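Not measured: the values here are computed from a predicted model. Below, chain A is the first sequence line, B the second, and so on; all start at residue 1.
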Protein chains: 2
Amino acid sequence: MTAIKTKKQQIYEAAARLFRDKGYPATSMRHLAEAVDLKASSLYNHIGSKEDLLRDICFENAHKFLTHLKTVSESDLSHLEKVKALIELHLTMATEELTSVTAFNDEWRHLSEPWLSDFVQLRKDYEKGFLKIIQEGIQAGEIQAADPQTLLYTLLSAMRWLYDWVKPDKPMATDSVKQELAGFLVRGLVK
Amino acid sequence: MTAIKTKKQQIYEAAARLFRDKGYPATSMRHLAEAVDLKASSLYNHIGSKEDLLRDICFENAHKFLTHLKTVSESDLSHLEKVKALIELHLTMATEELTSVTAFNDEWRHLSEPWLSDFVQLRKDYEKGFLKIIQEGIQAGEIQAADPQTLLYTLLSAMRWLYDWVKPDKPMATDSVKQELAGFLVRGLVK
DNA sequence: ACAATACGAATGAACGTTCGTTTGCAAAGA
DNA sequence: TCTTTGCAAACGAACGTTCATTCGTATTGT
């Protein structure tokens, strides 16, 4: 029950940040080691490999998103409220898990097989579940859109600007930003 | 006036595609050479360096965006129509200059100084010009009152899903997609 | 209490590989 | 003839990773 983080945790967090800032291929183990005050060789006392870091970060986040999607899907919210809930999820993840979500969003393509295929499948599952909610919303007359797929991708992209623009040193009033962004998106949704 | 493309053009196009697919650091000169049916050493008869490729792609696109922004800004369109025109620009670039725009959007961070600073400045200039139009639109009562910065970033991100999801082999009806996307965004904007 | 042992953690050195790029030279085109 | 284009070979540098070793600190046996 110590308050200090284990070296392994420190490495994972530093890796997530570096993957976010420089990208996975441009992040060297020597640079990562420097970030946690170690030599490169010492990293391997705590982790398996460079790709292990990326893989764990990616799949941990995929799991979080999928779990939340399942919860929302099975809830008794209205379709529009379900979409709102998912928007909330993305914005919350964007602010609270800032670094790892970026790796999850952008760097997964550097995974090697068979993990790459596995991850892509999880991503497709998520999009399919999200899409289903949108489609039901349209069918129920709660959501305005012609092509659900276009709407989905637009939503997912629109919610990604937080990852790209929010920096830790530039705090912004994240709550008001989130509220405003959600408002904008929902306004585009409703009939 | 030959119809065939010069080797240099082929290299630049292949580079843009590889930067888009694998990212700049993960793209090797040997791989690039293979894509244009050459050996790595032969590339240097046509280009200066790997970074030259990235730099030219980034700044060429920056110039295009800024020129168009200037044209739109100085036009006598209404503020909302100006925003629409810029949305159109982004969507058109996304479909017609697919590969190079991606490099322009994601890979510029791998530029080294002083080019990196120069590029960031151009990007800020563009955002500032876009922001000004939004602010004026709000002031004129044409655009729903909101934090202009949030609006801007949301717009820019929303328009980026085309880069990420549209693949050449999966054509989609780009016109209808563009129309729907623009509609969604404008709907979120108007009062 | 004290020596022996085990172990987590850190390190410098080196491994094989790949990187971007340069060089020297041959073939082809003008 | 002189420029352009291509290629094999080689370059130093950096890459991820492994290895043998060391240092401290617990744990064990007596």
Could you tell me the separation between the [atom1] atom of [X] and the [atom2] atom of [N], rounded to a whole number of Å?
| X | N | atom1 | atom2 | answer |
| --- | --- | --- | --- | --- |
| B/L18 | C/dG20 | CG | C1' | 15 Å |
| B/K22 | C/dT18 | NZ | P | 14 Å |
| A/Y44 | C/dC15 | OH | P | 18 Å |
| B/H31 | C/dC19 | NE2 | P | 10 Å |
| A/K50 | D/dT17 | NZ | P | 8 Å |
| B/R30 | D/dA8 | CZ | P | 12 Å |
| A/Y24 | D/dC15 | OH | P | 13 Å |
| A/D37 | C/dT11 | CG | P | 8 Å |

Against A/I47, only a single residue in A/D52, A/D56, A/L53 fulfils side-chain contact (heavy atoms from CB on, under 4.5 Å); can you say which?
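Of all the options given, the one that passes is A/L53.
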
Distance below 4.0 Å between A/H46 side-chain N/O and C/dG8 OP1 or OP2
no

Quick check on D/dT5: is either OP1 or OP2 less than 4.0 Å from any side-chain nitrogen or oxygen of B/S42?
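B/S42 to D/dT5 OP1/OP2: no side-chain N or O under 4.0 Å.
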
Would you check if the side chain of B/E51 reaches a backbone N or O of B/S112 as a donor-acceptor pair within less than 3.5 Å?
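Yes, the answer is positive, given that a donor and an acceptor are paired below the 3.5 Å cut-off.
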
For B/L80, is there any backbone N or O sitting under 3.5 Å from a side-chain donor or acceptor partner on B/E142?
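At least one qualifying donor-acceptor pair exists.
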
Of the options C/dG12, D/dT17, C/dT21, whose atoms approach the side-chain atoms of A/M29 most closely?
D/dT17

Salt bridge or not for B/D125 and B/K128, using N-O below 4.0 Å?
no

Side-chain donor or acceptor of B/S41 under 3.5 Å from a matching atom on the base of D/dA8?
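A donor-acceptor contact between them is present.
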
Using a distance-only criterion (donor-acceptor N/O pair, under 3.5 Å, no hydrogens), is the base of D/dG6 paired with the side chain of B/N45?
yes

